[in-house]
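The structure displayed is predicted, hence computed values, not measured ones.
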Amino acid sequence: MSLTIAALREAPGENRVALSPEVVRKLVKSEFQVLIEAGAGTRSFYPDAVYEQAGAKISERSAVIKDADVIATIGQPGADVVDQLTAGQTLLGLLRPLTDLDYVKELAAKKVNALAFELLPRTVSRAQTMDVLSSQASVAGYKAALVAADSFARYLPMMITAAGTAKPTKVLVLGTGVAGLQAIGTAKRLGAMVSGYDIRPASRGEVESLGATFLTTSVSATGEGGYARALTPEETAQQQAELADFIAQNDVIITTAQVPGRRPPLLVTQKSVDAAKAGTLFIDLAASELGGNVAGSQPGKTVTTPQQAQIVGAGDMASQLPASASDMFAKNVQAVLNAVVQNGKLVLDVDDEVVGELLATYQGDIISSRVREAMKLPPREPAKPAEAPAESTESKGVD
Ligand code: NAD
């Protein structure tokens, strides 16, 4: 029996779908069976008929859950799905493994295997095609700049007209990782005057190569693997105070700062929000239930302050460009499947440096070192070392 890969209709408010028709076609060609819940692609403008043409079978939800070996999902499936899952089934998606430990424990208790994209070791080069965080951040950054252009009350570019000259809008991007750089590039193409700021000094070159100005504060913090580390309370206060000036000088502030596995850092304090002039637009890509980069931002909502600044809680920007985001997400899913399927069988190698980290749970055990650390579990026993080759007496050096 060939492996059955499935995608479900996501929760309300999520427009993306984890498998695109293009990827379905490739999976079917590679002799997988593909099951798609009826209506799963509707909000990404992929009707059921397009999936059928690509070779998928369309079924109702409980049949899909029951018959799937692997369920690819954008967000964390709810209790209605988890309750139906049985031992040996595999989930692959953004499962919040570091911020919802109870969920991971529940999957482990049910012996459901969980591959969570958040856990991908992103600096391993063969993991790059699987990197959902990058692909979705890129979509989100692009869309954030478009939302800025659409929501701000003025032109972004300089406009010279017979009726006078409009000055270009000043856009500041806080956090210049994947999303921030895409927002900078897009805002530049729209004609804004753009600057970027990041706690990692290494991002200066990337920001400047896009033609934007790089701003710095006296706080810098590069942590593990080249990513930002969380700041101390003193560093946070220092950074917030220095950022306040930059914020006050700009019209649109797009914030994207994240620290892996932690609450997003607060970069724009309530004081800075209150000091913002009327019309200032904050677009907070970090806005989630865990908080955001801007004081008072609310996920999925636009808040207008008493001073007439607007704060867009834009944690769902990738979902607002659903077809492109789904296409890329599905390619990342396909790349993971390529890594874990051998001769038509699912082989989840807990000792593989990529798969072993992606695996939050496997056969009832917690595998990922990051999840184990978050659960305060001891490190996993290392795998038995491969048998050492017999010691050679021959010279190995260069004579
Ligand atoms: P991210 O989503 O975790 O964070 C977004 C940005 O917020 C980062 O640039 C981070 O430095 C910044 N940030 C965090 N705390 C901050 C603070 N207090 N103040 C200001 N900025 C803060 O990061 P990301 O976009 O996923 O990636 C970050 C970097 O890693 C990028 O340079 C990216 O190119 C690189 N990256 C490398 C690989 C790889 O090696 N394969 C893969 C993905 C990303």
query = Is it true that Glu106 and Lys110 make a salt bridge, defined as a side-chain N closer than 4.0 Å to a carboxylate O?
reply = no
message = Ile5 vs Leu337, test: side chain to side chain contact (heavy atoms under 4.5 Å, CB included). Steps then yes/no.
response = CA-CA 9 Å; Ile5 317 293; Leu337 292 174; 4.0 Å; yes
task = Compare all side-chain heavy atoms of Tyr227 with those of Thr123 and state whether any distance is below 4.5 angstrom.
result = yes
inquiry  = Please find the pair of heavy atoms, one from Ala114 and one from Leu107, that lie closest to each other, and give the distance.
reply    = CB-CD1, 3.7 Å
message = Quick one about Tyr197 and Glu242 (side-chain donor to acceptor, distance below 3.5 Å, no hydrogens or angles considered), yes or no?
response = no
query = Side chains of Gln270 and Asp274: do they bring a donor and an acceptor to under 3.5 Å?
reply = yes
request  = Say whether, by atom type as modelled, one donor and one acceptor occur between the side chain of Thr161 and the main chain of Gly164 under 3.5 angstrom.
outcome  = yes
Show the atom names and distances, to 0.1 Å, of all donor-acceptor pairs under 3.5 Å that link a side chain in residues 370-379 to residues at least two apart or in another chain.
| from | atom 1 | to | atom 2 | distance (Å) |
| --- | --- | --- | --- | --- |
| Arg370 | NH1 | Glu118 | O | 3.3 |
| Arg372 | NE | Pro378 | O | 2.7 |
| Arg372 | NH1 | Ile366 | O | 2.7 |
| Arg372 | NH2 | Pro378 | O | 2.8 |

query = In chain order, what residues pass the side chain to side chain contact (heavy atoms under 4.5 Å, CB included) check against Ala314, with sequence neighbours excluded?
reply = Ile283, Leu285, Val312, Met317
inquiry  = For a quick test of reading the model, state the closest non-hydrogen atom pair linking Thr361 to Val112 and the distance between them.
reply    = OG1-O, 2.7 Å
query = With ILVMFWY side chains joined below 4.5 Å, transitively, what does Val50's cluster contain besides itself?
reply = none
query = Any idea how Tyr46 and Tyr51 line up, ring-wise: parallel (<30°), tilted (30 to 60°), or perpendicular (>60°)?
reply = perpendicular
message = Has Ser272 got a side-chain atom pairing as donor or acceptor with Val268's backbone, closer than 3.5 angstrom?
response = no
inquiry  = Please determine whether a side-chain nitrogen of the Lys or Arg among Arg126 and Asp352 lies less than 4.0 Å from a carboxylate oxygen of the Asp or Glu.
reply    = yes
remark   = In Ile74, Val333, Leu120, Asn332, the residue satisfying side-chain contact (heavy atoms from CB on, under 4.5 Å) with Val132 is Asn332
ask   = Can Leu27 be reached from Leu348 by stepping across I, L, V, M, F, W or Y side chains whose heavy atoms are under 4.5 Å apart?
value = yes
ask   = Just wondering, do Leu8 and Val64 contact through their side chains at under 4.5 Å, heavy atoms?
value = yes
key: Verdict with reasoning, Thr186 to Leu146, per side chain to side chain contact (heavy atoms under 4.5 Å, CB included)   = CA-CA 8 Å; Thr186 309; Leu146 299 187; 4.1 Å; yes
query = Which heavy-atom pair separates Gln334 from Lys26 by the least distance, and what is that distance?
reply = NE2-CD, 3.6 Å
message = For Gln320 and Asp316: C-alpha separation, side-chain torsions, deciding distance, then whether side chain to side chain donor-acceptor pair (under 3.5 Å) applies.
response = CA-CA 7 Å; Gln320 301 304 323; Asp316 64 342; 2.9 Å; yes
key: Hydrophobic cluster of Leu290, others only, ordered by chain and residue number, side-chain cut-off 4.5 Å   = none
ask   = Do Gln182 and Ser138 pass the side chain to side chain donor-acceptor pair (under 3.5 Å) test, and can you show the C-alpha distance, the side-chain angles, and the key distance before you say yes or no?
value = CA-CA 6 Å; Gln182 193 59 251; Ser138 176; 3.2 Å; yes
message = Using a strict threshold of under 4.0 Å (side-chain N to carboxylate O), is an ion pair present between Arg9 and Glu37?
response = no
ask   = Is there a donor-acceptor contact under 3.5 Å linking the side chains of Glu31 and Ser2?
value = no
query = Are Val139 and Leu94 in one and the same hydrophobic cluster, where Ile, Leu, Val, Met, Phe, Trp and Tyr link if side-chain heavy atoms are under 4.5 Å apart?
reply = no
key: Partner residues of Ser326 under the side chain to side chain donor-acceptor pair (under 3.5 Å) criterion, sequence neighbours left out   = Ser44
key: Least distance between heavy atoms, Ala7 atom then Val17 atom   = CB-CG2, 4.5 Å
ask   = Any side-chain donor-acceptor pair under 3.5 Å between Thr236 and Gln238?
value = no
request  = In sequence, state the C-alpha distance, the side-chain angles, and the governing distance for Glu357 and Ser369, and then conclude on side chain to side chain donor-acceptor pair (under 3.5 Å).
outcome  = CA-CA 7 Å; Glu357 277 308 316; Ser369 59; 2.8 Å; yes
message = Less than 3.5 Å apart, any donor N or O on the side chain of Asp100 or Gln76 sitting next to an acceptor on the other?
response = yes
ask   = When you look at NZ of Lys277, are more than 12 heavy atoms from neighbouring residues, nucleotides or ligands closer to it than 6.0 Å?
value = yes
query = Is Arg122 salt-bridged to Asp131, cutoff N-O under 4.0 Å?
reply = yes
query = Looking at residues at least two apart in the chain, or sitting in another chain, which of them share a salt bridge (Lys or Arg N to Asp or Glu O under 4.0 Å) with Glu208?
reply = Arg204
request  = Measure from the side-chain N and O atoms of Asp251 to the backbone N and O of Lys170, and report whether any donor-acceptor pair falls under 3.5 Å.
outcome  = yes
query = Quick one: do Leu133 and Leu91 end up in the same hydrophobic cluster if we chain Ile, Leu, Val, Met, Phe, Trp and Tyr together by side-chain heavy atoms under 4.5 Å apart?
reply = no
ask   = If we only count heavy atoms from C-beta on, is the Thr90 to Asp69 side-chain gap below 4.5 Å?
value = no
key: Sidechain-backbone polar pair: Thr305 side chain, Ala309 backbone, donor-acceptor under 3.5 Å   = yes
Full working for side chain to side chain contact (heavy atoms under 4.5 Å, CB included) between Leu172 and Leu215 = CA-CA 9 Å; Leu172 169 62; Leu215 305 174; 3.6 Å; yes
ask   = Using a distance-only test with no angle check, is there a side-chain donor-acceptor pair under 3.5 angstrom linking Asp284 and Thr255?
value = yes
request  = Before giving the answer on side chain to side chain donor-acceptor pair (under 3.5 Å), spell out for Arg25 and Gln53 the whole-Å C-alpha distance, their side-chain angles and the decisive distance to 0.1 Å.
outcome  = CA-CA 8 Å; Arg25 194 169 291 111; Gln53 281 158 16; 5.8 Å; no
request  = Please examine the side chains of Val303 and Ser297, heavy atoms only from C-beta on, and report whether any two atoms are closer than 4.5 Å.
outcome  = no
request  = Determine whether Ser195 and Asn250 make a side-chain contact, defined as any pair of heavy atoms from C-beta on separated by less than 4.5 Å.
outcome  = yes
message = If only side-chain N and O atoms count, and only distance matters, is there a donor-acceptor pair under 3.5 Å linking Glu14 with Ser319?
response = yes
key: Minimum side-chain heavy-atom gap Phe246-Thr217 below 4.5 Å   = yes
message = Looking at Asp351 and Arg380, is any side-chain nitrogen of the basic one under 4.0 Å from a carboxylate oxygen of the acidic one?
response = yes
message = Could you check whether any side-chain heavy atom of Ile65 comes within less than 4.5 Å of a side-chain heavy atom of Leu85, counting everything from C-beta outward?
response = yes
ask   = Would Ile254 end up clustered with Val207 when hydrophobic side chains under 4.5 Å apart are linked, directly or stepwise?
value = yes
request  = Write down the atom of Ile184, the atom of Gly196, and the distance for their closest heavy-atom approach.
outcome  = CD1-CA, 4.1 Å
query = Is the backbone N or O of Ala325 less than 3.5 Å from a side-chain atom of Gln136, with the two atoms forming a donor-acceptor pair by type?
reply = yes
ask   = Are any of the side-chain heavy atoms of Phe329 and Asp327 separated by less than 4.5 Å?
value = no
query = Would you say the side chains of Gln249 and Asp245 form a donor-acceptor pair under 3.5 Å?
reply = no
Pair Arg229-Glu235, salt bridge (charged side-chain N to carboxylate O under 4.0 Å, His left out): steps then yes or no = CA-CA 11 Å; Arg229 63 163 170 81; Glu235 287 174 324; 3.0 Å; yes
query = Nearest heavy-atom pair of Gly344 and Leu3: which atoms, and what distance?
reply = O-CG, 3.6 Å
message = Starting from Leu267, can I reach Val252 by hopping between I/L/V/M/F/W/Y residues whose side chains sit under 4.5 Å apart?
response = no
